[in-house]
Amino acid sequence: MSDIPPDALVNILSRLPVKSLLRCRSLSKTERALIDSPHFVNLHTKQSMKTDKLLVSSKCTHSSTSFRPLNLDSPQTSVELETPFDTTNFPNVLGTCHGLVCLSNMPFDRFIVLWNPATQKHKVILTPMVYPSRSNVLIAFNQVGYDHVNDDHKVVRLIQTGGYVWLNSMVFVYSLKLNMWRSVEQRFPYYFNLALCQGQGVCVNSALHWLVSKQPHLGNDLLVSFDLVSQSFRLVPHPECFNSDMITSLGVLGGCLCVVGHRELRSIDVWVMGEYGVKESWSKLVALTPGNVSRCVFLSVRPITYLKNGKEVVLEVNQQWFEIYDLEKKTSRQIMIGDASRRISTYVYQETLVRL
């Protein structure tokens, strides 16, 4: 490669898959130094972010979690990925972000793992277990996100203790770049209704988002975010359809924040915020009804991604199958994957060289 101009070489290498780059590292010390440099890792990540890949996790009731990349054109041909850790110890997938998968163990997520499936590197992180004395732990969970300003992967841990009369929340932020946890001194006066808030929060625009309420055991009628750059909470405007009678969840489509509304398990609406933070930019993108879906009982629906043509949306339904929704025809077709006895969760990820 010595005859190739340096700029041209960087441009060529930045478009290669991670597997090829790992082989290139062994060619010479020069190639290894180039591929390992922070500048090249960031450049390659930007190229990788242009192409969404799907990663499916699946598990039976009492088994370990397995992972496999998914090609929707041939869903039955995917090969299970090897993991450099025992997934029976880390059964909960908390999400994916910029090439990393975040998993946790039980109870109360004492440890979490950051894993890069492309490089097969992982990092086990001990979480802070700070609870006030004589308190009841209502919820303790972690969520992974990416701080684009500081080029840093972060994990937010939120612990709530208390009861009906009082509520105490503690927030800790882990920085991969600094390899340390820090506490956030800001009040968080909201409740999580786990019966209505399906799945984890989502990361959009360098902020994590959750559905919450002002009172315990009420519907999730507020949308709150945690900015990973300023490390502060704020409320985000929600669509007009949003009300406490709807079973709701969050998602991401094409980098935009989504709200999923469930009505009586037979009707699903997916709303997308076209311009982040602008209430008027919410629009209904998907409407699933018994008239356009063959199976019409929806226990859970998660928007996953757009197909390459940009005219169809992939929806994961009931952790069992996919509905491919045609945005123009308002119809859908079904794709089954794997064994119906195994629950699946589908995540968008990118192959990156992010180091752990």
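Each residue takes its place number in the sequence, starting with 1.
- Of the possible polar contacts, none joining the Asn116 side chain to the His122 backbone as a donor-acceptor pair under 3.5 Å is found.
- Within the 4.5 Å cutoff, the side chain of Leu285 has heavy atoms near those of the Leu327 side chain.
- Atom NZ of Lys279 has more than 12 heavy atoms from other residues, nucleotides or ligands within 6.0 Å.
- Atom NZ of Lys311 sits in a sparse spot, with 12 or fewer heavy atoms from other residues, nucleotides or ligands closer than 6.0 Å.
- Between the side chain of Trp181 and the backbone N or O of Leu126, at least one donor-acceptor pair lies under 3.5 Å.
- Between Tyr306 and Asp52, the side chains place no donor N or O within less than 3.5 Å of an acceptor N or O (distance only, hydrogens not considered).
- For the residue pair Ser104 / Asn142, no side-chain donor-acceptor distance below 3.5 Å is found, with atom types taken as modelled.
- Aromatic ring centres of His209 and Tyr276: separated by under 6.0 Å.
- Looking at Glu280 and Trp282, their side chains never bring a donor and an acceptor atom within 3.5 Å of each other.
- Between the side chains of Asn179 and Tyr174, at least one donor N or O sits under 3.5 Å from an acceptor N or O.
- Within the cation-pi definition used here (under 6.0 Å to the ring centroid, within 45° of the axis), Arg302 qualifies as a partner of Tyr347.
- Put simply, the side chain of Leu54 reaches to within 4.5 Å of the side chain of Val348, judged on heavy atoms.
- Ring to ring, Trp115 and Phe67 are close: their centroids are under 6.0 angstrom apart.
- Checked by atom type, the side-chain pair Thr65/Ser57 shows no donor-acceptor distance below 3.5 Å.
- Taking the six-membered ring where the residue is Trp, Phe233 and Trp210 present tilted rings, their angle falling between 30° and 60°.
- When all heavy atoms of Val259 and Pro239 are compared, the pair lying nearest together is CG2-CD, 4.3 Å.
- A donor-acceptor contact closer than 3.5 angstrom is absent between the side chains of Glu275 and Ser281.
- A donor and an acceptor atom, one from each side chain of Gln319 and Ser345, are located under 3.5 Å apart.
- Judged purely by atom type and a 3.5 angstrom limit, Asn318 has no side-chain atom pairing as donor or acceptor with the backbone of Gln320.
- The pair Glu351-Lys19 does not meet the salt-bridge criterion, since no charged nitrogen lies less than 4.0 angstrom from a carboxylate oxygen.
- Each of Lys154, His153, Gln231 was scored for a side-chain hydrogen bond (donor to acceptor under 3.5 Å, both in side chains) with Asp147, with one residue passing: Lys154.
- Phe188 is not listed as a side-chain neighbour of Phe226, based on a closest heavy-atom distance of 4.5 Å or more.
- Under a 3.5 Å cut-off, the side chain of Lys177 and the backbone N or O of Asn150 do form a donor-acceptor pair.
- In terms of modelled atom types and a separation under 3.5 Å, the side chain of Gln47 and the main chain of His44 share no donor-acceptor contact.
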- Message: With salt bridge (Lys or Arg N to Asp or Glu O under 4.0 Å) as the criterion, how do Arg25 and Asp36 come out once you've worked through the C-alpha distance, each side chain's angles and the decisive distance to 0.1 Å?
- Response: CA-CA 8 Å; Arg25 289 179 74 253; Asp36 289 349; 2.9 Å; yes

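- Scanning for side-chain hydrogen bond (donor to acceptor under 3.5 Å, both in side chains) contacts around Ser14 gives an empty result, with sequence neighbours left out.
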